[in-house]
Every structure is written in C-alpha cells, then in structure tokens.
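Throughout, protein chains are lettered first and strands after them, A, B, ... in sequence-line order, and every chain is numbered starting at 1.
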Amino acid sequence: MIFSKTLNHWYSNNKRDLPWRQTKDPYRIWLSEIILQQTQVAQGLPYYSKFVHEFPSVFHLAQAEESDVLKLWQGLGYYSRARNLHTTAKYIASELNGVFPTIYKDLLKLKGIGDYTASAIASICFNKVEAVVDGNVYRVLSRYFGIDTPINLSKGAKEFKELAQELIDKKNPADFNQAIMEFGATQCRPQSPDCNICPFNKGCIAFNENKIGELPVKIKSAKAKKKYFNFLVFIDKDAKTILEKRVGKGIWQNLYQFPLIETAKSLEFEDFKLAVKKHSLLKEVSFELSLYNEDVIIHKLSHQHLYTKFWIVKVGQSLPNSIPINKIRTYAVPILIGNFIEHFNFN
DNA sequence: AACGCGGGGTA
DNA sequence: TACCCAGCGTT
C-alpha cells in the first residue's frame with residue numbers, strides 16, 4: 001500500500017506528457033504498446049504519430065497492404081511487430097467487428113500480444129487489475145526489494161510477476177502500471193539513477209546496500225555472430241536496378257534489399273569478382289565491378305554484426321525484373337540499405 | 001528453456 | 001565496449 005501511494009505521488013509530479021496518455025482508445029494504446037516493445041519512447045514517438053495519422057482506426061490499418069505497413073515501420077526494427085500488428089488488425093476488423101477484447105486472457109490470444117502487452121491493454125483501457133512486468137519493472141522491483149533472481153530466466157519472470165501483482169493498486173491499476181514504468185524509465189534508470197532525490201531511497205535495499213550497479217541480475221546472452229554481406233547494386237543500361245524481397249526465416253522478413261552474396265569471410269576485389277561471375281544474373285553478361293565503400297560498414301544488430309560491402313555492378317544491357325532507380329525509395333528496406341540509398345549518387 | 005529478432009541511445 | 005530499451009514467437 002505504502003509502495004503504490006509513494007509511487008502514485010511521484011507519478012503525478014513527474015509524468016511526461018505523451019500522446020498515448022491522452023486516450024483510452026484500445027486501438028491507440030495497443031499501437032503504442034507494440035511500438036514501444038524493446039524500444040525507447042524517444043525512438044517510438046514519431047512512429048506513433050505517423051501510424052495514428054496514416055491509420056486512424058483499426059479498420060484503416062486492416063485495409064492497408066502489408067508493404068505499406070512495413071514501409072511506415074521502416075527503421076524501427078523487429079519487423080515481426082509490424083507484420084503481427086497488421087495480422088491482428090485484420091482479425092479484429094473482420095472477426096471482431098473492430099471491437100478489442102477487454103480481458104487479459106482474450107488479448108493474449110492475439111498475434112503480437114504477449115503477457116506484457118495483454119496486461120498493459122487490459123489495465124490501461126479497461127481498468128483490469130493486471131500487473132505489467134517490463135524491463136523497467138524488473139529494475140525497480142529488483143533494486144527496491146534487493147532481489148537477485150536473474151530476470152531473464154523463467155524463475156525470475158514468475159517471481160517478479162507475482163510481486164508486481166501483489167503491489168499493484170487495485171483501485172487504480174492503469175496509473176500504477178504506467179507509473180512504475182515511468183519511474184523506471186526516468187528516475188530508476190539503468191545507469192546513474194537519481195537516488196539522492198528518490199522518494200524510495202529510505203527503503204531501497206539496493207541503495208542502502210550499495211548494490212545499484214549489481215541489480216537487476218541478468219544472464220549474459222551469447223556474443224553477436226559476424227556475417228559478411230555483399231550487396232550487388234546493379235545499374236543497367238536503362239538506369240534500372242534490382243531489389244529482392246527477403247523471404248523465409250531470419251532477419252528483415254518481407255523487406256527489400258539489393259541482391260545479396262553472403263561469404264564466409266571478407267573478400268577482396270579479385271576474389272569477389274570471381275564469386276560474382278557465378279551469380280545467376282551475370283552468367284554470360286559482361287559487367288563492370290567497383291566497390292562503393294572502401295571501409296567495410298559494420299551494421300550492428302543485437303545478435304549479428306554485419307560486415308557489409310556495397311558493390312556497384314554496371315551492366316551494358318537490360319536486366320530482367322529491374323526497377324527504375326527513382327522508385328526504390330517506395331520499398332520498405334532495412335536501415336542498412338536505406339542509408340546506402342540516401343548517400344549513393346546513382347547518376 | 002533457449003534462441004532469434006533491429007536499431008538507437010547512454011556512460 | 002557493454003548494456004539497455006513499455007517483449008514476442010518459435011523451436
């Protein structure tokens with residue numbers, strides 16, 4: 001009780017003015033929650049505005065093409081969020097007449113909605129007593145109560161979920177959930193939290209035992225693997241190029257890229273030229289090869305480091321299925337490709 | 001239970 | 001560098 005009272009007081013004095021705090025419309029809350037998964041508010045904010053403007057209701061989103069949803073999502077990462085968002089919008093529009101489920105159990109069935117998001121929507125929109133546990137909540141609770149159970153093992157997930165469910169303000173679950181996340185985001189930060197002016201510092205075990213830097217405990221994930229990407233930027237005699245859609249498993253599903261040759265290690269010009277000659281598009285075709293970036297571009301994902309070279313391939317004839325260069329900006333591409341398109345002078 | 005999945009920010 | 005972010009789906 002005292003915990004939620006202190007928290008509530010802090011929240012009323014410190015909450016940021018964010019657009020999704022001005023509505024209880026489940027469509028907008030859902031949209032904001034998907035965007036904010038593993039994404040900081042500052043990064044997600046412009047995307048939320050774009051989506052609300054482009055798709056004001058779940059019906060607008062349901063009627064869109066997936067390619068348009070991905071294009072709007074471009075640059076935000078974790079693109080399965082966008083694909084699942086679209087899938088669920090279509091389901092809600094056509095099967096549920098546009099009406100969102102109001103309880104945790106039913107929300108959880110929707111694609112892209114897991115434990116956290118189901119709890120967030122149920123509590124914020126429908127005042128259900130469902131505690132959220134996100135990265136902020138793990139940090140706040142582990143520090144205040146001095147809990148060193150690893151947060152990314154199922155034991156920790158269970159333990160913190162139960163604790164949050166005990167602490168939640170049963171009279172105002174919506175504000176409690178948002179307050180504890182806001183507190184973790186702006187005050188009880190991962191590094192250099194404001195402990196000196198913290199309303200919880202008297203009772204905070206981590207603060208009083210000097211364990212702020214040790215909590216929460218998290219099992220380290222495996223190191224990122226190195227991959228060697230070579231993109232073929234074709235330019236044919238009609239000033240057209242080739243983009244391919246990424247299909248199947250792996251990163252950037254359903255986004256577009258220049259034809260890719262992945263190699264086991266970084267290849268120099270002559271070795272790569274030999275490899276390129278075998279490419280299906282270049283059999284019996286004369287071409288002029290040049291390397292765009294002298295220094296390899298290292299694009300870092302959380303689980304892969306992509307050592308990337310862009311090779312310019314000029315071809316004296318017309319290529320099949322090629323697209324005008326002035327159209328490539330309409331395709332959804334990974335930011336690695338988008339940055340290249342922005343900087344390369346195609347003329 | 002473990003792993004794959006983006007891109008940007010902070011210290 | 002290393003870590004983190006209003007996590008989820010697949011295996």
Side-chain angles (χ1 to χ4, degrees), chain A residues 15-16 18-21 29-48 70 73-85 87-88 107-121 123-124 130-140 150-158 160-161 164 174 176-186 188-193 213-225 227 246 248-255 298-306 332-339:
Chain A
K15 71 171 167 183
R16 290 170 288 181
L18 300 171
W20 47 85
R21 295 219 168 114
I29 297 300
W30 167 59
L31 178 61
S32 74
E33 293 300 344
I34 303 299
I35 287 174
L36 291 171
Q37 286 168 6
Q38 294 292 287
T39 304
Q40 300 199 344
V41 165
Q43 191 187 3
L45 207 38
Y47 287 85
Y48 177 80
L70 284 172
W73 199 271
Q74 178 177 311
L76 198 55
Y78 284 153
Y79 296 93
S80 66
R81 289 184 293 172
R83 298 190 301 269
N84 289 336
L85 185 80
T87 300
T88 292
L107 288 161
L108 196 57
K109 294 175 187 163
L110 302 173
K111 232 181 181 68
I113 295 185
D115 178 86
Y116 164 78
T117 306
S119 302
I121 296 173
S123 63
I124 294 171
E130 302 283 356
V132 297
V133 182
D134 74 335
N136 294 304
V137 177
Y138 280 125
R139 186 166 55 254
V140 171
I151 61 171
N152 53 345
L153 297 182
S154 55
K155 183 171 187 290
K158 186 165 179 286
F160 284 98
K161 178 81 181 180
F176 177 91
N177 277 342
Q178 294 183 83
I180 193 168
M181 292 191 284
E182 184 80 340
F183 179 75
T186 66
C188 193
R189 294 183 297 265
Q191 290 121 341
S192 59
E214 303 167 28
L215 295 172
V217 174
K218 196 172 184 177
I219 305 298
K220 287 195 202 321
S221 51
K223 258 179 55 179
K225 289 185 175 135
K227 291 193 166 189
R246 287 186 69 97
K249 300 174 191 291
I251 58 174
W252 303 332
Q253 205 176 112
N254 294 5
L255 275 68
I298 307 175
H299 185 71
K300 293 184 176 179
L301 311 180
S302 50
H303 54 297
Q304 295 178 20
H305 290 179
L306 310 177
V333 298
I335 209 65
L336 174 62
I337 302 292
N339 287 341

Engineer: Here's a test of your reading of the structure: between A/Gln253 and A/Arg189, which maps to the more 5' nucleotide of DNA chain B?
Structural biologist: A/Gln253

Engineer: What are the two closest non-hydrogen atoms of A/Ala118 and A/Ile113, and how far apart are they?
Structural biologist: N-CG2, 3.5 Å

Engineer: Starting at CD1 of A/Ile35 and ending at P of B/dG6, how long is that distance when rounded to a whole Å?
Structural biologist: 16 Å

Engineer: Parallel, tilted or perpendicular, judged at 30° and 60°: which one describes the rings of A/Tyr48 and A/Trp20?
Structural biologist: perpendicular

Engineer: Does A/Gly250 reach a base, just sugar-phosphate, or nothing at all? Heavy atoms under 4.0 Å.
Structural biologist: sugar-phosphate

Engineer: Which whole-number value in Å describes the distance from A/Arg246 CZ to B/dG6 C1'?
Structural biologist: 13 Å

Engineer: Assess the side chains of A/Tyr116 and A/Glu33: does a donor N or O sit below 3.5 Å from an acceptor N or O?
Structural biologist: yes

Engineer: At their closest point, which heavy atom of A/Pro216 faces which heavy atom of A/Tyr138, and how far apart are they?
Structural biologist: CB-O, 4.2 Å

Engineer: Could you run through nucleotides 2-9 of chain C and give me one letter per nucleotide, 5' to 3': B if any protein heavy atom sits under 4.0 Å from the base, S if only the sugar-phosphate is that close, - if neither?
Structural biologist: -SSBBBSS

Engineer: Without decimals, in angstroms, what is the distance between A/Tyr79 OH and B/dG6 P?
Structural biologist: 7 Å

Engineer: Could you work out the separation of B/dG8 and C/dC8 based on their P atoms and round it to a whole Å?
Structural biologist: 22 Å

Engineer: Base, sugar-phosphate alone, or nothing: which one does A/Gln304 contact when heavy atoms must sit under 4.0 Å apart?
Structural biologist: sugar-phosphate

Engineer: Round to the nearest Å and state the distance from A/Trp252 atom CH2 to B/dG7 atom C1'.
Structural biologist: 11 Å

Engineer: Mind listing the closest non-hydrogen atom pair of A/Leu36 and A/Val41 along with its distance?
Structural biologist: CD2-CA, 3.8 Å

Engineer: Rounded to whole angstrom units, what separation is found between the NZ atom of A/Lys249 and the C1' atom of B/dC5?
Structural biologist: 13 Å

Engineer: At less than 4.0 Å, is any side-chain N or O atom of A/His303 found next to OP1 or OP2 of B/dC5? Yes or no.
Structural biologist: yes

Engineer: Measure up the A/His299 and A/Trp252 rings against each other and bin them: parallel (under 30°), tilted (30 to 60°), perpendicular (over 60°).
Structural biologist: tilted

Engineer: Specify the separation, in whole Å, of atom CD1 of A/Ile34 and atom P of B/dG6.
Structural biologist: 15 Å

Engineer: Does B/dC5 have its OP1 or OP2 closer than 4.0 Å to a side-chain nitrogen or oxygen of A/Trp73?
Structural biologist: no

Engineer: With P as the reference atom in both, quote the distance from C/dA6 to B/dC3 in angstrom, rounded to an integer.
Structural biologist: 25 Å

Engineer: Does a side-chain N or O from A/Lys155 land closer than 4.0 Å to OP1 or OP2 of B/dA1, or not?
Structural biologist: no

Engineer: Is A/Leu76 touching bases, backbone alone, or none of the nucleic acid, heavy atoms closer than 4.0 Å?
Structural biologist: base

Engineer: Could you give the CG-to-P distance, from A/Leu153 to B/dC3, as a whole number of Å?
Structural biologist: 11 Å

Engineer: Give the minimum heavy-atom separation between A/Arg189 and A/Arg139, together with the two atoms involved.
Structural biologist: C-NE, 3.6 Å

